[in-house]
Amino acid sequence: MIKSAPGKITNMAVKHFFKKPATISYPKGEMHIAGNYRGKLTYDPTNCNGCGMCMRYCPSNAITVINEGTKEERKMKASLKIAQCIFCCQCVDSCPRKCLYYTQNIDLSSLNKDELVVQL
Amino acid sequence: MSEYNRVVIPIGPQHPSLKEPGCFTVTLDGEKIVDVVVGIGYNHRGLEKACESRNYIQIIYLLERICGICSHTHTTAFCQGVEELAGISIPRRAAYIRVIVAEIERLHSHLLWLGVAAHEIGFDTMFMYAWRDREAVLDILAAVGGNRVNYGINTIGGVRRDIDDSLRQDILKMTDALQEQVKYYQELALTETTLAARLAGIGKLSGEDALKYGAVGPVIRASGIDFDIRAVDPYAVYAEIPFKVITDTHADVFGRTVVRILELLESIEIIRFCIKNMPDGDIVTKAPRRIPAGEVISRTEAPRGEDIHYIRSNGTERPDRVRVRAPSEANWHAMRHMLLGQYLADAPITIAAIDPCFSCTDRAIVINSGRETELMDWPRLRQYSIDWYKKRGIDVASIKIPERRMYF
């Protein structure tokens with residue numbers, strides 16, 4: 001039998017008695033997410049040349065980048081299907097011009113289905 | 001008792017003692033198990049077929065979702081195979097990061113198992129303890145990869161996330177705290193008489209039988225055979241790391257518990273060694289988009305045992321075939337042997353002792369021996385399917401297929 005066990009448990013019980021609970025009340029409480037967390041994307045169209053690497057490597061076909069202008073005068077638009085995105089951010093890694101970034105915005109739920117497709 | 005008094009009890013597919021779907025049809029003679037039929041395949045998701053219509057980068061994220069516990073090891077096996085086909089070698093720093101994450105994942109998996117096993121035998125205090133410690137490990141995984149489960153660390157040619165100095169300190173702090181706890185579990189497992197009395201002699205699998213049924217991981221190591229891919233066929237930087245393969249001679253559930261607890265301590269040592277000796281440099285090399293034609297078998301040591309990936313490429317962006325042999329799949333074969341002659345009350349812990357992952361396991365393989373089979377090439381298979389539908393009044397030729405195939 002373990003002799004040290006009861007003492008160990010008493011220590012732990014006293015320590016945890018004065019601790020706050022590990023869970024937080026959402027949305028009132030402060031949310032803690034890891035620094036590397038990948039949230040919603042942002043898009044900077046100034047450098048984008050429309051190569052489509054983000055679309056090619058997206059595992060869930062969630063991102064669409066199209067040129068609404070002409071070949072000379074580009075007008076790049078990016079949209080993201082939030083319900084399909086798995087937030088792997090492979091598009092951020094694949095982009096040769098570094099036009100895509102990930103943010104820590106994780107509050108993306110919506111009651112309307114149409115709002116789940118967002119313009120970046 | 002005569003044969004007429006035998007009772008057949010189906011455990012599963014939905015059952016309180018099973019967290020995932022699997023059906024065990026147990027025939028009982030009194031309280032003793034005299035026959036078992038292990039029925040798996042409720043969780044088939046067609047992952048291997050889906051791989052054939054995706055490119056290599058997309059497949060990484062698909063294979064990461066085979067299993068929630070050992071997601072990193074599947075991608076490591078796949079990336080390793082593709083890197084071998086492409087003839088690229090990854091930077092040493094990337095290899096070290098792969099090993100660190102793999103070992104943290106092993107800590108996470110073994111602690112999870114310890115909790116589940118304790119819960120199955122009614123030792124819920126241990127379950128709470130183990131899962132509390134697992135939380136600290138998951139926090140570190142979240143800090144490294146951003147997520148608690150699918151970290152997205154691996155990519156073809158290296159890793160996507162670096163481990164900086166402050167993160168290294170955090171990992172070391174976590175391992176120090178965890179080591180103390182694991183030593184306590186070790187003391188508990190080796191000296192606590194009630195735990196040993198409950199687990200000893202259950203799910204016996206001798207070394208000979210373990211080899212016969214092709215068991216892997218902690219199951220075969222608890223039978224006294226030192227089979228560990230990290231030592232037998234070292235990948236990444238395991239050849240440089242001094243570690244010992246943990247074995248035990250109990251050859252039962254108690255042995256498997258001891259092996260897993262001692263492996264936790266060994267993993268902590270490996271993590272410390274890697275953090276101390278991690279070289280500076282790049283974390284990724286450029287990989288080609290098209291992978292040269294060829295085939296490769298890549299093996300890694302997952303927390304549950306040997307994980308095998310077979311990849312056949314045809315020189316394009318997409319592979320011809322990806323086959324995954326997850327460790328749980330290898331351990332199922334010995335399950336009937338382990339359950340025979342046991343009491344019914346011991347069945348849940350015997351099943352839990354191999355750390356079964358039903359999602360890992362399920363790949364559709366049907367081998368009907370004794371039936372006439374025929375091998376068809378692609379055009380013949382296509383013609384066969386057209387004729388099959390025509391017989392039922394459907395004209396396949398009139399169906400228009402969109403240019404880009406959508407998955408959803």
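Each chain gets a letter, A, B and so on, in the order the sequences are listed, and its residues count up from 1.
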Winner by heavy-atom pair count (cut-off under 4.5 Å) against chain A, out of R132(B), E64(B), R148(B): R132(B)
Side chain / backbone / both / neither for Y151(B) at chain A, heavy atoms under 4.5 Å: backbone
For P59(A) against Y61(B), the heavy-atom pair lying closest together: CG-CD1, 3.4 Å
Which atoms of N150(B) approach chain A - backbone, side chain, both or neither, heavy atom under 4.5 Å: backbone
Nearest-0.5 Å distance that lies between atom SG in C88(A) and atom CG in N147(B): 10.0 Å
Test item: I60(B) and Q90(A) side chains (from C-beta on) under 4.5 Å apart, heavy atoms: no
Main-chain N/O of A143(B) paired with N36(A) side-chain donor or acceptor, under 3.5 Å: yes
Contact residues of residues 157-177 of chain B (partner chain A; heavy-atom separation under 4.5 angstrom): R160(B), R161(B)
Point-to-point distance, once rounded to the nearest 0.5 Å, from CD1 of I57(B) to CZ of R56(A): 11.5 Å
Part of V144(B) within contact of chain A (heavy atom distance under 4.5 Å): backbone
Heavy-atom closest pair, residues G146(B) and A34(A): O-CB, 4.5 Å
Nearest atoms (heavy-atom pairs only) where Y57(A) meets R289(B): OH-CG, 2.7 Å
Per-residue contact mode, I33(A) against chain B (heavy atom under 4.5 angstrom): neither
Engaged part of E135(B) at the chain A interface, taking heavy atoms whose separation is under 4.5 Å: neither
Greater than 12 external heavy atoms within 6.0 Å of R290(B)'s CZ: no
